[in-house]
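Both backbone and side-chain heavy atoms feed into the values below; hydrogens, waters and symmetry mates do not.
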Amino acid sequence: GNKAGKKQQKIRMAAIVDKMLAPRRERKIKEQLKQQDRELRKSDRELEREVMHLNRQEAQIKAEIKKCAKQGNEQAARTLAKSLVQSRNQKTKLYSTKAQMRSVQMNIKTQGATQKMTGAMSNAGKVMGKMNQRVKPEEVNKVMQQFAKENTMMEMK
C-alpha cells in the first residue's frame, strides 16, 4: 500500500507542476507566433522595397532604350531591352515569393487560432465533466418531475 500511495502522490505532483507550467508553455507558443509574424512582415517589407527598386530601375531602362533608339543605336537598345525583360521576370518572382510568404503567415495564424480553440474546448469539456460529476441526472430528473407535478397542481386550482 505504501508504494501505491507514493506513486499517487507523484502523479498528483506531476499534474500540479504541469498545470503551473502550462501558462508558460502557452506564453512561449504565443511569443513564437508573434516572432514568426514579425519576421514574415519584415521580409514582406524587404520584398516590397526590392519591387520598388526594380520599378525605378525599369523606368530608367525604358528611358535609356528611348534615348538609344533616338540615337539609332539598335544594339544598345536590344541589350537594354533584354535587361528590362530580366528585371520584369525578377519582379514577377518577387511577387510570387511575397504571395507564398503571406500564405505561410495566414497558415501560422490559422494554426494559432485552432490551438486557442482546442484549448478552450478542452477547458469546456473539463468543466462539463465536473458538472456531470456534481449534478446527478437522476436527481435533476426527480426535481423536474416534482416541478411538473406541482405546476399541474397549481394549474388545477
* Does atom CD of E74 have more than 12 heavy-atom neighbours from other groups under 6.0 Å away? ->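 No.
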* Is I61 isolated, or which residues cluster with it under the ILVMFWY side-chain rule of less than 4.5 Å, directly or via members? ->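 Besides I61, the hydrophobic cluster comprises I65, L80, L84, listed by chain and residue number.
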* **Note: E50-K91 ion pair, threshold 4.0 Å (strictly below)** =>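 K91 and E50: not salt-bridged.
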To the nearest 0.5 angstrom, please state how far the [atom1] atom of [X] sits from the [atom2] atom of [Y].
X    : Y    : atom1 : atom2 : result
L47  : Q100 : CG    : CD    : 10.5 Å
S83  : R78  : OG    : CZ    : 15.5 Å
Q105 : S43  : CD    : OG    : 9.5 Å
S122 : M117 : OG    : CE    : 12.0 Å
M101 : T97  : CE    : OG1   : 8.5 Å
R88  : K93  : CZ    : NZ    : 15.5 Å

* Asked: Is there a chain of hydrophobic side chains (I, L, V, M, F, W, Y, each step under 4.5 Å between heavy atoms) that links Y95 to L54?
  ->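 Y95 and L54: one cluster.
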* Joint cluster assignment, M144 & M153, ILVMFWY side-chain distance < 4.5 Å ->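 Looking at the clustering, M153 is in a separate group from M144.
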* Residue of the set R38, E31, Q32 for which side chain to side chain contact (heavy atoms under 4.5 Å, CB included) holds with K34 ->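 The residue from R38, E31, Q32 that satisfies side chain to side chain contact (heavy atoms under 4.5 Å, CB included) with K34 turns out to be R38.
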* Asked: Does the T114 side chain pair with the main chain of T110, one donor and one acceptor, at a distance under 3.5 Å?
  ->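 Flag set: sc T114 to bb T110 pair under 3.5 Å.
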* May I ask you to test the Q111-L33 pair for a side-chain heavy-atom distance under 4.5 Å? =>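 Result no, sub-4.5 Å side-chain heavy-atom pair not found.
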* Asked: So do D37 and I108 actually touch side chain to side chain, heavy atoms under 4.5 Å?
  ->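 A side-chain contact under 4.5 Å is absent here.
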* Step-by-step side-chain hydrogen bond (donor to acceptor under 3.5 Å, both in side chains) determination, Q146 to E150 -> CA-CA 6 Å; Q146 186 66 30; E150 295 291 331; 3.1 Å; yes
* Asked: Picking from K42, Q35, R41, what satisfies side-chain hydrogen bond (donor to acceptor under 3.5 Å, both in side chains) with E39?
  ->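 One option only clears the test, and that one is Q35.
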